[in-house]
Every structure is written in C-alpha cells, then in structure tokens.
Number of protein chains: 2
Amino acid sequence: MATIYQVSELAGVSLATVSRVMNNNARVSENTRNKVLAAMEQLGYRPNSIAQSLASNRSNSVGILVSELHGPFYGEMLSGIENECRAAGKHVIIAAGHSEEASEKDGIEFLISRSCDALILHVEAVSDDYLIKLASGNMPIVLINRFIPQLADNCISLDNELGGYLATKQLLQQGHTQLAYLAGPMWKSDAKDRYHGHLRAMAEHGLSFNPALLAEGDFQDSSGSACMQQLLAKGLPFSALVCANDEMAAGAMEVARAHGLNVPQDLSIVGFDNLILARYIYPKLTTIDYPIGEMGRMAARWVLKNIYQQQALQLKNVFEPVLVCRDSASAIAAG
Amino acid sequence: MATIYQVSELAGVSLATVSRVMNNNARVSENTRNKVLAAMEQLGYRPNSIAQSLASNRSNSVGILVSELHGPFYGEMLSGIENECRAAGKHVIIAAGHSEEASEKDGIEFLISRSCDALILHVEAVSDDYLIKLASGNMPIVLINRFIPQLADNCISLDNELGGYLATKQLLQQGHTQLAYLAGPMWKSDAKDRYHGHLRAMAEHGLSFNPALLAEGDFQDSSGSACMQQLLAKGLPFSALVCANDEMAAGAMEVARAHGLNVPQDLSIVGFDNLILARYIYPKLTTIDYPIGEMGRMAARWVLKNIYQQQALQLKNVFEPVLVCRDSASAIAAG
DNA sequence: TAGTATGATGTAAGCGCTTTCATTTATAGC
DNA sequence: GCTATAAATGAAAGCGCTTACATCATACTA
C-alpha cells in the first residue's frame, strides 16, 4: 500500500502538499494539484484513515449502538443512519448493546475508543444519569428513541403516549367498549408511555380500565401468544385488543385464531410499530406507524449539522406517530 | 482522555511497560503490573485503539460488507458475525454495498482503509475476477453466500441447487405435476442455482418444464405479486408454485388469495430462506431453511482461526439447506 | 568470584498522516 | 524596479501507541 511519502516523492512535492490536495482545504496551485493527483492515481494510493484519524483527532466516522443487529426495527434504523452518513462521506461503526447495562456501556466505551466523532445511541438498560454524565464529556451523543429532559436537544424520540392514545381511540371510535391491553415491559419508557396513552383515550371516552384485562409481555411474539392465552383463560369478554407492539400482536392473533376467534369479526387487534410483518400477517395489521428509518436519518442529520458543520439541515426532535388502518380492526358488530 | 504517558508517569514506569501490561504479551513483574493497573484505574484510562492500530498495523476489527443493513436476512447474518466476534474481543465495522458494483467496491476500499484485519463480504455486483484479485492482496477475505472455485477455501456458501431441488421435490412427492416457478433475478448465482435445482427435481420425476410457467422476479415481495398476476393471466393450470424466496412467496400468496385461490387447497406454495416472516404469514409458509445466522458465525470463525490464530476452531464451507414443512403446501386434492 | 544466562525495564524509532509556522515565490501597486 | 502583500510550498513536530534493541539487576554455574 502506497503511503503519502511515495506520492510526494513521485510528484516531487512535500508531504504537506500532498496532504493539502487530499483535504483540499488549503490552496494548492492547479499545476501542483494535478501532479499530485496523477501520482496518486499512478500508485493507486488511498489514504490510511487510521493514520488520518490519529493525526487529525477526527475519524469521519460516527458510532452507533443498537440493542440488536437483527430484527426489523434496528435494521430499518441502521439503514436510515447509514444512508444519510454515507451520502455525506461519513462512515458508521456499529456495536450491539443487547439491552444489557454492562454490554451497553462496553459498546459505548468501544465506540469512544475508536475515536468516533459522535455517537448515536439506542440504549435501554443504561441509566439517565449515566447518559447525562456521558453527554457532559467531550463525545457528542444523540439518543434515539429515548427522551431525557436534561438532554432534550440530543434526543430523537417518538411520542409514544400519543401512539397509544391513537391506537385505542381508533377502536373506541369503532364502537368497542371492552378493550384488553397487552403491554410491553413496563420498565421500558416506551412501553409505559404507550400504556399511558391507552389510559388517556379510555378516560376520555368515559371508560374505566379493567386491570384484569391487562397483560404485560416482553415485546416478543411468544409473549404475545402467552399473554393472549392468559387473557382468554380469564373468561372475561373483550372485543378488541390493543398491543404495545406488532410482534406481540402477531403472537396474540395466532392464539386467537387457534381459539376459533375470527379477526376482526370476533376480535379487533391493533399493533404498534408498523413493522414489515404487519403487512404480511393475515389479516393485515392495523397499527401505529413508527417512523424509525426516518428517525435514524434524523439522528444522522443531527450529527452532520452539529459535528460536521452542515448548517443548512433542518432538525426535528419529536416525531408523531400516525395510525395505519388495515384489516385487523373493524367496527364492532351490532348486537 | 488519559494517555499512556500519564499512566506511565503516575505508575512510575516507562511507556513500554504500560504497553506490556496492556497487551500482556511480555513478562512484567507482578508488582509493576499492579502499579500500572492501579494507575490505569485511577485515571480511567482506556487505550486509544486508533493509535494502537496505527502502531501495530493490526486493528482487532473485522470489516463486513453487506448489501443492505435492513431486511431480515442481513440482520440475521450481521448478528451472527457480531456475536462471534464480540465473544472473541474483536470488533466489527460495517458498510453497505447496495448490490451495486461501484458502491460495493467503495465499501471494500473503505474497510481496507480502516485497517481491518480481515473482510467478510456479502457482495453480488462485483465480479469473480475482482474478488480473486482482491484475495491475492494482503487483505484476507471471506465470501459469504457466494462460491468461487479458485477461492473455495474462503467461501462460506449454501448449496442453493440442493435447496431448489428439495423445495420442488416436496411438491412432487405431494402429487403435484403442474408446477410454476417464480425465479429470482437470474444474474444472481443463488437465483440461478435454485432454479437449476428445480429443473433437476422435475427431470428426475420425468416431468418436462413448461417455460410458460416461469416468471422472473427480483426477490422483492412486490415482484412476487406482479409475477403471480402474470402467471394467472396466462390461464394455464398449475397446482403448485415454487418461489425462489420467501418474500416473493408472500407477495404471490396475497395475489392468489385476491383471486379467490385458497392456499394450500387450491394452490400449494413453497418459499426459500425461512425468514421470520415465513412464520407470520398465513398460512404459515413451507420453505427451505437458509441458516444465514449460522453461516455468519462460521465466517467469523474463519477469521478467528485464520487471522487471529484460534486454531481449535472447526470450519465448514458449504451448508446444506433443509426443508421446513408448514402449512402452505399440501398433497394435491384427489381429482 | 568472575562469567553468563535470564528476566524486568527503559530508550527511542517509527506507524502514516495533519498542521503550525517559516520560507519561498508570484502578484500587484507605485 | 522595488517594496508590500498574498499565495504556494516546505520543514518538522506531533497524534498515542508498539516494538526492536539496549540496559540493568538478579540468579546461577563452574
């Protein structure tokens, strides 16, 4: 691999000049520039970005920590971030935190030690305090899918409460009055917020919430099935089920079908997230769209604007979810 | 951020000694080691991996190029690789190639310039020659989901032909004799191989293949729908449809349902890949399992063994797909 | 007791770049 | 034609590490 020395020698100029044409920030005469470019071309030279990073203390790469690398949700998010960064000539370094405190911290440390210029974090297990402290250091961070008041500017989040409200309201407007709620793990703020939205919609319609019709899952489809079993076992009537995410909705739907319930005739179901699978399951899932790809892009833009000085970019911190009507929820049958 | 200098100063030893305890490769007295560790602890020191890479010409990170960051397939693969690498203390740097030659080359260049110790590549657009040339350089590469005879050792691939054969054979054994085939883009070797497997099974059962019942899609669900439309429009009878992947199968199934066809009573469908969605769609999809997560792990192990000297690891280059029977294919109704 | 391994530590030269500062060269003004 | 100024270039000092080599104790050996 050719180094800058060989280029400078071949071009008959100094190191510094070669560096200048690479970064084209200082002025170099047209003539010299061409000589250097020709030399680079001839040698097949490509700068060693490790050395660049070390010398400039800037790596042109942004670190991303997600909970998992697989699954429809993170894929969408990563893709959004990568696209935006790539277009701006920045690169991404990705680590997984596995929703576990030690692992998340470890991932953050790794990204910092890689000299990332900024971090985009989707963390769940780590505390607010830790993040606040982290943010007070030199490493710029942006949090995705999490809202911390003290770090409001650095947060790209979804109004989960509104989403929960919209999902429930849809069913109420369709005439349902007996609703069950399949919650996510309540220690996660998004699960809690969605649930609160549900309660608000219920209250607004003058309905009291029956705790016996609440089940708490873990956002996986298997827990959706398990919770649905529990709910049905109680023998309490309900004509609609609000699920805190699509995967649990899919699990629940399967169990409902196994129990001879027709969706949506016998039971209306709404999900949350609008994952790809929402379009694939049958009947197609009515759900709340979570624009995670767009939010990833926005996080990337935050970095481009605040770290890489692309002033022109417009930023938006809080996204509003919208209802996507498909086939899994319908007006309650008269009588 | 503390540097090695400050650690050495605080511990009262030289740079070299600190470096030694970090890499614990040379012998350092117990006493000195403890002093150094204490100093590191006290300063909250973490080595700058950029500097380490530059100095050692080894980055402890492996570069991964995938076509896309989103989608169930790549997520599974990335996850497999990351898990295995993380467990070995290696890190991953990820880039997307978008199935486009320029972009794939660009991604490879990027990964090389980041001083990765090895590359795991899932590339589609780049030529065999390019890869052969690349492999002859200093950067070790392993190819995933691609087989190039000259690089056989570096390839982790699936026997796609066998998969196509198994999918078709299942239907033939269920008594179907009129099969349509929904192919992937034929310029991709996996699409072609699956198709060849189909032909082999047909021939083996003494059936001739009717070109009118062949449609070529692009592996996306929308093309599955479009191709299904075309196939139905021809008015030719067929009782079973073999799809080159699950997503197209899902698209095709939807169209079939819209045309009043019951799956599997009126039409049996089998897919390929065994994506998560295969379990979610209704009826659940009979398909060929593509152990992509396991293959990702294997690619990681290849690197651990060949580059990081973990000799003990067992390697396997070619994976065999297996049939997963679910509900979308059934024996043909008598008469 | 000198002679020699051997283990522990230090010294210093890079790794391939960026960047400040100094120097040289061109351009313009008079 | 000579200075004032700007533009182009070069020299050299790092960035934070690793590592070959040198040095210094210490422990054996004969």
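Remember, predicted model here, so these are calculated numbers, not experimental data. Order of the sequence lines sets the chain letters (A, B, ...), proteins ahead of strands, with each chain counted from 1.
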Short side-chain N/O contact to D:dA8 OP1/OP2 from A:Thr32, under 4.0 Å: no
D:dT9 OP1/OP2 closer than 4.0 Å to side-chain N/O of A:Ser29: yes
Review item, side-chain donor-acceptor pairs of residues 298-305 of chain B, under 3.5 Å, at least two apart:
residue: B:Arg301; atom: NE; partner: B:Glu84; partner atom: OE2; Å: 3.0
residue: B:Trp302; atom: NE1; partner: B:Asp153; partner atom: O; Å: 3.1
residue: B:Lys305; atom: NZ; partner: B:Leu313; partner atom: O; Å: 2.8

Distance in angstrom units between B:Glu30 CD and C:dT9 P, rounded: 11 Å
Ring geometry between A:His91 and B:Phe110 (parallel below 30°, tilted from 30 to 60°, perpendicular above 60°): parallel
Heavy-atom protein contacts under 4.0 Å, nucleotides 11-22 of chain D, coded B base, S sugar-phosphate only, - none: B--BBBBBBB--
May I have the list of side-chain donor-acceptor pairs in residues 35-44 of chain A shorter than 3.5 Å, sequence neighbours left out?
none

Residues that B:Asn57 engages under side chain to side chain donor-acceptor pair (under 3.5 Å), provided they are two or more places apart: none
Spacing of A:Asn31 atom CG relative to C:dA26 atom C1', expressed in whole Å: 14 Å
Between P of C:dA8 and NZ of B:Lys35, the distance in whole Å: 14 Å
All pairs passing ring-ring contact (aromatic ring centres under 6.0 Å, His included) where residues 116-153 of chain A contributes a residue, at least two apart: A:Tyr74-A:His122
Residues in salt bridge (Lys or Arg N to Asp or Glu O under 4.0 Å) contact with A:Glu76, at least two apart in sequence or another chain: none
